[in-house]
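What follows is one structure encoded as structure tokens, with my remarks underneath.
Remember, predicted model here, so these are calculated numbers, not experimental data. Here is the naming used below: chain letters follow the sequence lines, and residue numbers restart at 1 for every chain.
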Amino acid sequence: MTQDIPKNYESAQVESRWYESWVDKGCFTADPARVSESRPAYSIVIPPPNVTGVLHMGHVLNNTIQDILVRKARLDGKEVLWLPGTDHAGIATQVMVEKQLKKAEGKTRYDLGREAFLERVWDWKKEKGGIIINQLKKLGCSCDWSRERFTMDERYSRCIQKIFVDLYKKGYIYRGKRMVNWCPASLTALSDEEVIMEPHKGFLYYFKIEIAEEPGTFLTIATTRPETIPGDSAIAVNPKDERYAKYIGKHAIRPLPCENQEPIPIVGDESVEFEFGTGVLKVTPAHDKTDFEIGRRHNLKVTDIMNPDGTMNALAGKDLAGMERFKARDKSVELLRELGLLVKEEPYENKVGISERAKVPIEPRLSEQWFLKYPSVPAARECVASGAMKFHPERWSKVYEHWMGNLQDWCISRQLWWGHRIPVWYSKSDPAKIYCDVTPPADAENWEQDPDVLDTWFSSWLWPFATMGWDMDTPDAEMPELLKKFYPTSDLVTGPDIIFFWVARMIMAGFEWRGEMPFRNVYFTGIVRDKLGRKMSKTLGNSPDPLDLIARYGADALRFGTMRSAPLGQDVLFDEKNVELGRNFCNKLWNASRFRQMSGPMADNSSLEAIVSRIVPELCDADDHAILDGLVRLVRGCSDALANYEFNAYTQALYAFFWNDFCDWYVEVAKTRLTDEKLRGNVLAIQDLCLRQFLLCLAPLTPFIAEELYHLLGYIPEGEFLQSQKLVSADELAGTLEKRGLKIDATAVNDIAQIREFVTQARALKSHNNAGTKKDCLFRLVLKDAAAGALLERNAAKLKTLIGAKEIEILSENSEGIGASAVTPLGTLSLDTTGLIDVAAETKRLSKELEKLDKAVAAGTAKINNPAFASKAPAHILEGAKKQLAETQAKRDEVAKLLESLKLKG
RNA sequence: GGACGCUUAGCUCAGUUGGUUAGAGCAUCUCGUUUACACCGAGAGGGUCGGGGGUUCGAGUCCCUCAGCGUCCACCA
């Protein structure tokens with residue numbers, strides 16, 4: 001029935017064996033047909049990692065959480081779908097393949113042409129695209145791999161086209177010439193969300209500009225971008241600014257030579273700040289968003305002086321033409337200086353928009369792009385505001401609400417090749433004529449398709465339902481069962497960094513096409529940082545390789561360590577020590593299980609009831625009651641913690657119960673009963689019960705070792721899996737015990753708490769007196785009261801073993817102790833220290849303790865004597881305070897006495 | 001310029017609706033190889049809860065304020 005547990009735990013071997021088995025037997029496969037009233041559906045869609053991605057600590061955190069949730073749901077008897085997949089990651093993937101192409105063949109994508117290039121990308125995807133999926137498997141993720149999706153799957157792509165056409169026809173999508181964030185490195189437009197504002201140390205340049213109508217009169221302008229002077233269309237001042245209002249309507253002469261040397265108008269615009277610089281603004285409508293708006297208000301000319309790649313074009317004048325934009329800046333400063341127009345330059349720090357992907361400053365640029373006016377905004381806002389959809393931690397809902405309340409139209413077109421191509425064709429004969437549909441026009445030869453693709457996030461926002469077989473044209477009644485049963489999903493687990501990119505947009509899409517929210521709860525993880533608090537990144541090289549950690553410590557250990565340090569929604573400071581702790585924990589668990597096996601024959605462990613029926617209530621002592629009490633509390637604690645997404649409370653509860661209560665205390669204490677034939681069976685039954693329920697609670701966190709031990713201890717026959725077991729609730733567990741006639745005795749639980757304290761003090765006493773390892777000490781105890789006597793009586797045998805005592809003599813109340821003493825819950829305990837005692841050290845220790853107790857007594861007395869406290873505090877608090885003061889006082893007196901007798905000896 | 005978060009032992013963090021003498025793990029120190037585990041066991045030292053003020057019989061826990069750190073949002077060139 002069971003086999004011997006090997007001496008060492010080999011995580012690598014155990015993990016790969018079980019994972020294979022789980023997948024083979026379809027453990028992770030969701031079946032909509034099994035969903036019923038008594039077997040509710042539970043679903044999560046994975047935040048699809050980039051297909052180019054490799055597993056990093058953020059993935060570990062995020063996916064471990066999801067795996068814990070889905071595995072817990074299975075143990076709770078739910079039908080579970082965890083739907084996995086990858087994201088085509090437009091820019092990232094294309095750039096990567098382009099780099100390879102350049103390196104290997106020295107070619108660019110243009111050399112290959114669109115079709116051939118895309119073939120290369122697909123080849124790459126087929127060959128290397130699955131890396132991260134395999135890594136997730138190593139971590140133990142129980143995704144339904146039979147349903148793995150990719151955002152460029154044919155079906156999925158079809159959905160994207162359809163919703164584009166849908167939105168276009170509804171009037172949400174439009175094409176327009178706007179100022180966009182242009183990435184000069186990737187040569188594409190970006191959405192506002194893809195631009196990161198970063199501080200940049202530069203200079204503020206002050207230069208003079210002459211007024212055409214008043215030769216010899218100059219205005220001074222402050223700018224950070226002198227290279228754009230050739231693109232200036234006007235000079236703006238605030239009309240309320242009395243320094244400059246008089247110049248409005250006049251003209252100025254651009255100082256740098258360029259193609260068009262006509263004087264530019266001086267206009268009045270209220271957006272100009274008095275305080276900044278000189279209060280005079282140069283207006284460059286083609287290269288700055290604010291300036292573009294000013295240009296519109298004043299009908300200014302838009303002169304684009306740059307090429308798409310960020311170099312200056314001919315309109316910038318022959319001095320700058322062809323120059324890279326930052327070189328051109330230096331050059332223009334030089335020119336201004338030569339012309340004697342540069343007044344000064346001062347160091348200046350401002351924020352510059354950086355392309356998230358290419359890490360280069362973006363260039364505001366006027367270009368023709370497709371934009372989306374967000375749909376279903378009111379419903380999307382309302383569902384979070386009303387609490388119908390919950391964010392954990394709740395505070396993120398404010399961030400969401402703020403963004404939703406300030407929506408800007410979304411630039412969705414990208415000048416890339418890798419992605420979903422925009423389903424729009426332009427008539428060759430009349431470029432203004434547009435055809436928009438999922439199928440190309442019938443007379444395709446007369447049309448030209450838009451060359452652009454859609455923003456990757458424009459495909460991601462359909463992820464929760466497009467992955468489940470949704471189709472826009474299918475009536476709801478005919479939708480796939482998968483969608484009907486598993487949508488909306490239960491939880492979404494993701495990082496707060498993509499709340500706008502992804503979460504908000506998915507909510508809108510959910511309402512727009514499914515008429516409801518796509519998930520009920522969103523759990524936002526923290527950001528994983530290194531020990532020094534720095535965000536983990538490839539460039540910093542501070543991110544450990546999770547695969548390496550798994551190889552060295554095991555996936556369970558990595559999961560355990562990560563969760564133990566992941567407080568609710570706080571950033572996670574990763575430290576390999578935590579993984580080591582996880583490894584140690586697995587080792588402890590392994591050995592405790594092994595010890596159980598070595599302690600006596602294995603009996604019927606086949607079900608909870610079978611084990612409970614082996615327990616004989618009359619044979620249970622206080623320790624049994626205490627550990628069962630702890631077990632029930634553990635079950636409740638784990639369940640509550642997970643229901644509240646408190647993963648580290650969950651992990652800590654498991655750790656504390658198992659290590660401190662079960663191993664350090666219960667198993668140790670029970671050793672004395674193992675040698676007694678009459679008692680052994682009962683003790684082992686309780687251990688079997690504890691281990692079984694513990695493994696069930698633990699399984700979502702460390703599924704591999706839990707599964708392995710669950711089998712080795714005979715809780716389940718071969719061919720079945722732990723995940724099919726039912727994790728009974730705390731109440732059900734207590735109920736099962738009661739049915740067997742075992743009602744947990746609160747007094748016994750309290751007794752054990754006192755006994756444990758007593759043992760700790762006795763051991764400390766030995767340790768202080770250089771007798772830490774002696775096993776035949778002579779103790780004497782002046783009992784506190786009769787109850788203490790009875791308690792001691794009942795536990796005498798095991799106490800002697802636990803504290804290494806030859807004898808515990810009971811002394812009458814007023815007798816003198818021997819050697820060193822300590823005040824314990826059972827009374828004053830003394831140790832015969834003949835030949836051992838270190839009077840000086842013991843005096844020092846007791847003096848310190850006395851000082852502490854004196855303080856406590858003083859504070860307690862003051863509190864009780866405070867009439868306000870006595871009259872206003874509730875009765876139980878008052879009583880508690882009095883009782884505590886009495887105890888503290890007694891202890892203080894006792895310690896004082898001990899100290900006195902010690903002084904006599906010294 | 002706004003918003004949010006954090007500040008508790010050397011380090012990383014717990015501390016439930018304010019209520020008895022603030023807890024873990026790691027690290028440090030002492031002792032230990034007793035028939036599960038040295039990836040172990042026993043014990044010890046170490047915080048007055050960022051500063052200040054307030055509310056209260058009572059505050060790490062609520063309010064105000066200051067400081068430091070961090071994140072997000074924002075069209076001051």
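Rounded to whole Å, the distance from CG on A:Leu802 to C1' on B:U34 is 12 Å. Atom CZ in A:Arg583 sits about 12 Å away from atom C1' in B:C40, given to the nearest Å. Note: CG (A:Leu581) to P (B:C26) measures 6 Å, nearest angstrom. In this structure, A:Met598 places its CE atom 10 Å from C1' of B:C37, rounding to the nearest Å. B:C73 atom P lies 10 Å from atom CE of A:Met197, rounded to whole Å. Atom-to-atom, CD1 of A:Ile498 to C1' of B:C72 comes out at 15 Å; the value is rounded to the nearest Å. Between the C1' atom of B:C37 and the NZ atom of A:Lys671 lies a distance of 9 Å, rounded to the nearest Å. The interatomic distance linking A:Phe585 (CZ) with B:G25 (C1') rounds to 13 Å, in whole Å.
Residue A:Ser871 is out of contact with every strand shown, counting any heavy-atom pair closer than 4.0 Å. A:Arg763 comes within 4.0 angstrom of the backbone, heavy atoms only, and of no base. Counting non-hydrogen atoms under 4.0 angstrom, A:Asn406 reaches nothing in the nucleic acid.
Judged by the 6.0 Å distance and 45° axis criteria, A:Lys588 is not positioned over the aromatic ring of A:Tyr655.
Base pairing annotation: B:U71 forms a Watson-Crick or G-U wobble pair with B:A3, both donor-acceptor distances under 3.5 Å. Pair assignment for B:U33 gives none, since no Watson-Crick or G-U wobble pairing has each distance under 3.5 Å. Across all strands shown, B:A27 has no partner, as no Watson-Crick or G-U wobble contact with both distances under 3.5 Å is found. Applying the Watson-Crick and G-U wobble criteria (two distances, each under 3.5 Å), B:G50 pairs with B:C66. The base-pairing partner of B:C76, taking Watson-Crick or G-U wobble contacts with both distances under 3.5 Å, does not exist among the strands shown. Here B:C57 sits opposite B:G19 as a Watson-Crick or G-U wobble pair (both hydrogen-bonding atom distances under 3.5 Å).
The stretch residues 342-354 of chain A touches RNA chain B through A:Tyr348, A:Asn350, A:Lys351, each having a heavy atom under 4.0 angstrom from the strand.
Contact check, A:Lys588 against B:G41: a side-chain N or O comes under 4.0 Å of OP1 or OP2. Phosphate contact (OP1/OP2 of B:C40, side-chain N/O of A:Asn584, threshold under 4.0 Å): present. In terms of phosphate contacts, A:Lys577 brings a side-chain nitrogen or oxygen within less than 4.0 Å of OP1 or OP2 of B:A27. Between B:C76 and A:Thr290, no contact under 4.0 Å exists linking OP1 or OP2 to a side-chain N or O.
For A:Ala873, taking side-chain heavy atoms from C-beta onward, the closest of the listed nucleotides B:C13, B:C26, B:G19 is B:G19. Comparing atom distances between the A:Arg564 side chain and each of B:G25, B:C39, B:U56 picks out B:G25 as nearest. Side-chain atoms of A:Trp659 lie closest to B:G41 of the nucleotides B:G41, B:A36, B:C26. The listed nucleotides are B:A36, B:C4, B:C57; the one nearest the side chain of A:Lys398 is B:C4. Distance from the side chain of A:Asn587 is smallest for B:C39 among the nucleotides B:G41, B:A36, B:C39.
Not a single donor-acceptor pair, N or O on each side, falls under 3.5 Å between the base of B:A42 and the side chain of A:Glu668.
Annotation for A:Arg325 and A:Ile362: closest pair NH1-O, 3.8 Å, computed over non-hydrogen atoms.
Annotation: B:C64 and B:A59 have their C1' atoms spaced 15 Å apart (nearest Å).
Checked by atom type, the side-chain pair A:Ser191/A:Glu194 shows a donor-acceptor distance below 3.5 Å.
Within a 6.0 Å sphere centred on CD of A:Glu275, other residues, nucleotides and ligands contribute 12 heavy atoms or fewer.
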